[in-house]
Amino acid sequence: MLNRTQSENLFQKAKNYFPGGVNSPVRAFRSVGGTPLFIERGIGSHITDADGNTFIDFCCSWGPLISGHAHPSIVEAISEAAKLGTSFGTPTRKENELAELILSNHRYLERLRFVSSGTEAVMSAIRLARGYTGRNKILKFEGCYHGHVDALLVKAGSGLVTFGGSSSAGIPEAVVNETITVSLNDENLVEEVFQKYGNDIAAIIIEPVPANNGLLIQRKEFLEFLRTITQKHGSLLIFDEVINGFRIGFEGAAGYYNIQPDIITFGKIIGGGLPVGAYGASSEIMKHISPEGNVYQAGTLSGNPMAMAAGKAQLQLCLAPGFYERLEENCNWLSNEVESFAKQKGIPFKMHRIASIFWIAFSDAEHIRSAENIDADSMQHFRKLHAHLLDSGVYLGPSGYEVGFVSSAHTQEDLKFAAEAMKAGLVAG
Ligand SMILES: *Cc1c(COP(=O)(O)O)cnc(C)c1O
C-alpha cells in the first residue's frame with residue numbers, strides 16, 4: 001500500500017487554510033476517496049509526491065502539460081524571462097511573439113486577447129458575444145464545462161427546453177434565466193430552442209470535443225448543424241477550446257472538424273504550464289473589445305512576460321513535424337492494449353479517445369455522446385482502478401468523469417508499464 005504519511009499531514013494542515021483543504025475542488029479526491037497526494041516535483045512523464053512515491057502522470061495538470069513536466073526549453077524560457085522582470089503592465093515584445101506564432105498557424109483567427117485563465121477567457125467571450133449581437137441569452141450543453149462563469153454554471157431543467165437551475169449557490173436567478181441548457185447530440189432540441197428564442201440568443205457555446213465530463217465525442221454533422229443554425233439566426237458560435245486547443249491538433253477542434261466558429265477560447269496548453277487564457281475571433285468581431293470597441297475587458301497580469309515566454313516555448317514544441325501524430329499513435333496504442341485485454345476477459349470496458357485524450361468507461365457502448373448516457377454506477381469500478389493504479393505507480397485524475405492525457409514525455413516503456421498496471425487493475429477489481 002502506498003505510504004501517504006506526509007501527504008496526510010500536509011492535507012490536515014491545508015484544511016486549516018483552505019475550504020476542503022484545496023484551491024480547486026476536484027483536487028480533494030472526494031470521488032475516489034483517500035487523501036490527495038501532495039506533489040513535490042515533476043520531470044518528463046513522472047511526478048513525485050511528498051512521501052517520495054513516483055508515478056507516471058496521465059493527469060498532466062489537467063491538460064496543460066502536453067510536453068510533460070519541466071520541459072527544458074519551457075523552463076529555460078521562463079527563467080530567462082524572469083531575469084528581465086516579471087511584469088510591467090505595459091505591452092511587451094513577448095505578447096507579439098506568442099500571438100504571431102498562433103495567428104500564423106491558425107486559419108480561423110485574426111485577432112487575440114490574452115487573459116490569465118480559461119474561465120476568464122470564456123467569461124470575456126460571452127460578454128463579447130452579447131456586446132456584438134446586442135442579445136442576452138446563451139445556449140449551452142449539459143456535460144460541457146466552461147469554467148466557473150456565473151452564466152455557465154447552469155444545468156438542464158427537467159423538461160425538454162426549459163430553463164434549468166444553477167449548479168452552484170450564489171448565482172442570481174436573473175443570470176440563470178439568460179442561459180438555456182440542452183443535451184448534446186440532439187439537433188431537434190437546439191432547433192426547438194431557436195424556434196422559441198432565436199432572436200434573443202447571443203451565442204451557442206460548446207466544447208467541440210467535450211472532455212470535462214467523460215469524453216463525449218460529437219458527430220461532425222451535429223457541430224456543422226450548430227454552425228448553420230447560428231448563422232441563420234444571427235447568433236454567434238463559440239468553441240470553448242480551453243482543453244481542445246493545441247491538443248486535438250495545433251488548430252484544435254476547429255481545425256480537426258474544419259468548422260469556423262465565431263469566437264474561440266483558449267487556456268491550458270497555451271500557457272505551457274503558466275496561467276494563460278485567450279480568446280480570439282475575426283478582426284470584425286474583435287474590434288468590439290475595448291479600447292477599440294465598447295465591450296470592456298482588462299487584466300493587470302494579462303500577457304505576463306513569463307507566461308508568454310512559456311506559451312511560446314510550448315507552442316514551438318507543438319509545431320514540430322510529427323508532434324501530434326506521435327501523440328495520437330501512443331494514445332491509441334495504450335487504449336487498444338488495455339481494451340483488447342478487457343475484451344478477452346469479458347469486462348465491459350472501453351477507452352474512448354481522440355488525439356492524445358483518453359477516457360476510461362466501464363461500459364461496452366461504442367459511442368457515448370451525451371452526459372445522460374454515462375452510467376453513474378460504473379464509477380465504483382473507476383474508484384477501484386484508480387486506487388490500484390496509485391499503488392502501482394500510475395497517476396490518473398481522481399475522478400471517473402475526468403479524461404487522461406498522453407504527453408510527448410511518455411515513452412514506450414511508460415505506456416507499456418501503464419498498460420500492464422491497468423490490466424492488472426481490471427482483474428484485481
Ligand atoms: C479547464 C476549462 C475551463 C476553465 O479553465 P480554467 O483555467 O480552469 O479557469 C473552461 N473551459 C474548458 C473547456 C476547460 O476545459
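Being a predicted model, the structure only gives us computed values, none of them experimental. For ligands, and for the atoms within them, numbers begin at 1 and follow the listed sequence.
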Practice item. Output the list of atoms in ligand 1 that are nearer than 4.0 Å to some heavy atom of S117, sorted by atom number. Key: 7 (O), 9 (O)
Point to revise | Sole residue of D150, L128, V149 in side chain to side chain contact (heavy atoms under 4.5 Å, CB included) with M123 | key: V149
Review point. To the nearest 0.1 Å, how far is atom 5 (O) of ligand 1 from its closest protein heavy atom, and which atom is that?
Key: G118 CA, 3.2 Å
Practice item. For I243, take its heavy atoms, then give the atoms of ligand 1 lying under 4.0 Å from any of them. Key: 15 (O)
Check your understanding: Is the shortest side-chain N to carboxylate O distance from R227 to D262 below 4.0 Å?
Key -> yes
Practice item. Check whether the side chains of R247 and S356 place a donor and an acceptor atom closer than 3.5 Å, and report yes or no. Key: yes
Exercise for review: Around atom 15 (O) of ligand 1, find the nearest protein heavy atom and jot down its residue, atom name and distance.
Suggested key: K268 NZ, 2.6 Å
Review point. Got a salt bridge between E95 and K312, using NZ or NE/NH1/NH2 to carboxylate O under 4.0 Å?
Key: no
Practice item. Quick one: look up the protein heavy atom nearest atom 3 (C) of ligand 1 and list residue, atom name and how far away it is. Key: V242 CG1, 3.7 Å
Review point. Which heavy atom of the protein is the closest neighbour of atom 11 (N) of ligand 1, given with residue, atom name and distance?
Key: D240 OD2, 2.7 Å
Point to revise | Atom indices of ligand 1, in the order listed, that fall short of 4.0 Å to a heavy atom of T119 | key: 4 (C), 5 (O), 6 (P), 9 (O)
Check your understanding: Does one side chain, of Q297 or Y279, offer a donor that lies under 3.5 Å from an acceptor on the other?
Key -> yes
Practice item. Check whether the ring centres of H410 and F58 lie less than 6.0 Å apart, and answer yes or no. Key: yes
**Study point:** Residue E207 vicinity, atoms of ligand 1 by number, heavy atom under 4.0 Å
**Key:** 13 (C)
Review point. Salt bridge between K287 and E292, side-chain N to carboxylate O under 4.0 Å?
Key: no
Revision key, fill the gap. Within the 4.0 Å heavy-atom cut-off, what N212 brings close to ligand 1 is side chain
Review point. Ligand 1 and H146, any nitrogen or oxygen pair closer than 3.5 angstrom?
Key: no
